[in-house]
Amino acid sequence: MTTSAPHVAIIGAGIGGLAAALRLSHGGCRVTVLERHAGPGGKMRTLPTDAGPVDAGPTVLTMKPVFEALFTDVGLHLDEHVTLQTEETLARHFWRDGTVLDLMSDPYQSVENIARAFDSNAAKEFSAFCAQTKILYDAFDGPMIRTSEPSLGDLALTVAKSPKLLRAMKPLSTLASSLSQSFSDPRLAQLFARYATYVGGLPAHSPSLLSLIWQAESQGVWHVKGGMHQLAQSIEKAARGFGAEFFYNAHVTRIETQDGRICAVQTDDARHMVDAVLFNGDPNALRSGLLGPAPETAVDASATNPRSLSANVMSFAAIPEGVPLAAHNVFFAQDPKTEYAPLAKGQQQSDPTLYICAQDRFGGSTPIGPERFEIILNSPPTDEKTPPSEKEKEQCQTLILQQLSHFGLSFSPRPTASTLTMTKDFAQLFPASHGSLYGRTPHGMMAAFKRPPARSKLKGLYLVGGGTHPGAGVPMATLSGQHAAAAILSDLIST
């Protein structure tokens, strides 16, 4: 053991940085977390409404064992820090022709619902799809998701052991083409094609392997009582219990090196001498020189570009009218063949699919009076540095509300354009991100191997968050915190 506790500065208090702070402080490090915003959570944001704070980022948890392990590994219990409640209805799906489909936590009920909404053949195809995605998930959970750094050799060995796995992977197919072969009804193909957007991709450009996202969701969806920000605050509190220090409104301006390794970080008003830095921001910020010249070459260009999708997000409180909503709702575009074409060209869709989280309907509740909503519209990233204009916001507001009106859904009072957080806003909230919410695009078969691992090319600089391996999403970013903490403890503390 070293004679004194190594000092690790974590830049950013997103979920990955928080998870790493908890593990590192428990592991014997002196941890200083520096966050440029006013509180923890990163993209796990909340915004105020007349009905209380509304989630304006991630809304639920999947892969619950990841979070249980985070607390168990430091001698704590998840259920003593947050209350998680399982959702029986995973999501309610609406099409313009009047079809409504609930996918359920009970797989047999999902099969029955599909047979009722479509036909028995669709139910058989769904069952086959579930079996195929389970093969993929079981095979790649270890060598791709749980490992600290995936390798082509390990992947090839996994595939070589199971010929049926290669068939399930469909390595030469995109997600869109694979789903068109799996489902006779284009509406079901459209439903599962949307899963590419969960990690910032387009179905026609993302690998078929992304179909395994369904398996992660089908294994359970939980909501955090009080909102997702409760999870961020609980992890922060636990890390403080092991001695971690948190500084908010602390803008890091420079990472310094001495003799080729990290030695200090500089904020607007302080300089922290450190043994290591864990960067919980978009890795593109390092390459862009936003933290000084030292880390500009710490990450390869291919690890940060091309960029993933962004989103325009509407967060508000109102009374819904005209449609029986669940907690999670998807309203599909009219034409599945063309809905993503504008995004592929860097343009906003005119006929988009919309996701609506009715936060107060978790657990099957039916609220009385105004309730909280988040609406997500997929959008292209942007290079522009200016905030969105009032005209841009009004056009986006009109698009969203008109699209929902085709299904008979309206809100009272009508949400204003001021309730929008747009791509340009996200670009300012998260420097050098271009507004992308998921880091590098998942397009192409090799995308999973392009994301940077925990150890950067600069000695003493480590990476964590959705822009690193194993990728975007709350569970993946939490796993990246595990990988980063393990790398730091291995490198700094000898046993």
Side-chain angles (χ1 to χ4, degrees), residues 60 62-63 86-141 158-159 161-199 201-204 206-221 324 326-340 353 355 364 407:
V60 292
T62 57
M63 300 177 67
T86 186
E87 285 296 305
E88 292 184 7
T89 302
L90 302 180
R92 181 164 293 166
H93 306 83
F94 299 85
W95 285 269
R96 296 266 194 99
D97 62 5
T99 302
V100 179
L101 171 65
D102 286 356
L103 289 180
M104 312 297 291
S105 59
D106 181 344
Y108 298 104
Q109 194 170 351
S110 289
V111 171
E112 290 179 0
N113 289 351
I114 288 175
R116 188 179 302 112
F118 299 95
D119 56 35
S120 59
N121 182 62
K124 291 178 182 178
E125 291 175 338
F126 172 71
S127 295
F129 175 74
C130 290
Q132 175 179 282
T133 54
K134 188 177 189 309
I135 291 172
L136 293 173
Y137 187 88
D138 291 346
F140 292 112
D141 185 40
T158 299
V159 174
K161 292 179 180 179
S162 176
K164 67 178 181 179
L165 181 58
L166 185 62
R167 293 193 297 271
M169 284 177 62
K170 301 179 181 178
L172 301 180
S173 298
T174 65
L175 181 61
S177 62
S178 173
L179 291 170
S180 68
Q181 298 170 22
S182 297
F183 295 105
S184 303
D185 194 304
R187 289 169 295 182
L188 284 175
Q190 182 183 29
L191 190 161
F192 293 105
R194 177 171 166 75
Y195 280 53
T197 68
Y198 287 17
V199 290
L202 298 173
S206 299
S208 173
L209 193 60
L210 288 188
S211 61
L212 61 75
I213 294 175
W214 158 246
Q215 194 60 220
E217 186 169 277
S218 69
Q219 292 180 6
V221 169
H328 297 282
N329 309 271
V330 181
F331 292 83
F332 285 105
Q334 175 74 6
D335 188 351
K337 294 181 180 179
T338 62
E339 65 172 303
Y340 296 108
T353 292
Y355 164 78
F407 296 86

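Just the heavy atoms: all of them, side chains too, but no hydrogens, waters or symmetry mates, feed the values below.
- Expressed to the nearest 0.5 Å, how far CZ of Phe126 lies from CG of Asn121 amounts to 14.0 Å.
- Smallest separation of non-hydrogen atoms from Thr62 and Ala216: CB-O, 4.1 Å.
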Verdict with supporting geometry, Gln215 and Leu136, side chain to side chain contact (heavy atoms under 4.5 Å, CB included)
CA-CA 9 Å; Gln215 194 60 220; Leu136 293 173; over 6 Å; no
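- Between Trp95 and Phe118, the ring planes lie perpendicular to each other; the angle is over 60°, past the 30° to 60° tilted range.
- Two residues are said to be in side-chain contact when any heavy atoms from C-beta on lie closer than 4.5 Å; Tyr355 and His328 meet this criterion.
- Asp102 contributes no side-chain N or O that, together with a main-chain N or O of Thr89, makes up a donor-acceptor pair within less than 3.5 Å.
- Nearest heavy atoms, Ser177 versus Ser173: OG-CB, 3.5 Å.
- Remark: Glu88 CD is loosely packed, at most 12 non-hydrogen atoms of other residues, nucleotides or ligands lying under 6.0 Å away.
- What you find for Tyr340 and Arg194 is that their closest heavy atoms are OH-CA, 3.7 Å.
- Ring geometry for Tyr195 against Phe192 counts as tilted: the plane angle lies between 30° and 60°, on a 0 to 90° scale.
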Check the pair Arg187, Thr99 against side-chain hydrogen bond (donor to acceptor under 3.5 Å, both in side chains), reporting the backbone distance first and the verdict last.
CA-CA 9 Å; Arg187 289 169 295 182; Thr99 302; 2.8 Å; yes
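- Looking at heavy atoms from C-beta onward, Ile114 lies in side-chain contact with Leu103 at the 4.5 angstrom threshold.
- Contact detail for Ser178 and Ser208: the closest heavy-atom pair is OG-OG, 3.1 Å.
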Assess whether side chain to side chain contact (heavy atoms under 4.5 Å, CB included) is satisfied between Ser105 and Val221, documenting all intermediate values.
CA-CA 8 Å; Ser105 59; Val221 169; over 6 Å; no
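- Between Ile213 atom CD1 and Ser218 atom OG the span is 12.0 Å, to the nearest 0.5 Å.
- In terms of heavy-atom proximity, Pro324 sits nearest to Phe94 at O-CZ, 3.8 Å.
- Here the CG-OG1 distance, from Asp138 to Thr133, works out to 9.5 Å after rounding to the nearest 0.5 Å.
- Closest approach of Met104 and Leu90 over heavy atoms only: O-CD1, 3.4 Å.
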Candidate pair Leu188 and Leu101, rule side chain to side chain contact (heavy atoms under 4.5 Å, CB included), full reasoning
CA-CA 10 Å; Leu188 284 175; Leu101 171 65; 4.0 Å; yes
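- Taking CD from Glu87 and CD from Glu217, the interatomic distance works out to 11.5 Å, rounded to the nearest 0.5 Å.
- Note that the OH atom of Tyr137 and the CE atom of Met63 stand 3.5 Å from one another [nearest 0.5 Å].
- Ring geometry for Phe332 versus His93: interplanar angle under 30°, hence parallel rather than tilted (30 to 60°).
- Taking CD of Gln190 as the reference point, atom CG of Asp185 lies at 9.5 Å (rounded to 0.5 Å).
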Stepwise side chain to side chain contact (heavy atoms under 4.5 Å, CB included) test for Thr353 and Val330
CA-CA 7 Å; Thr353 292; Val330 181; 3.5 Å; yes
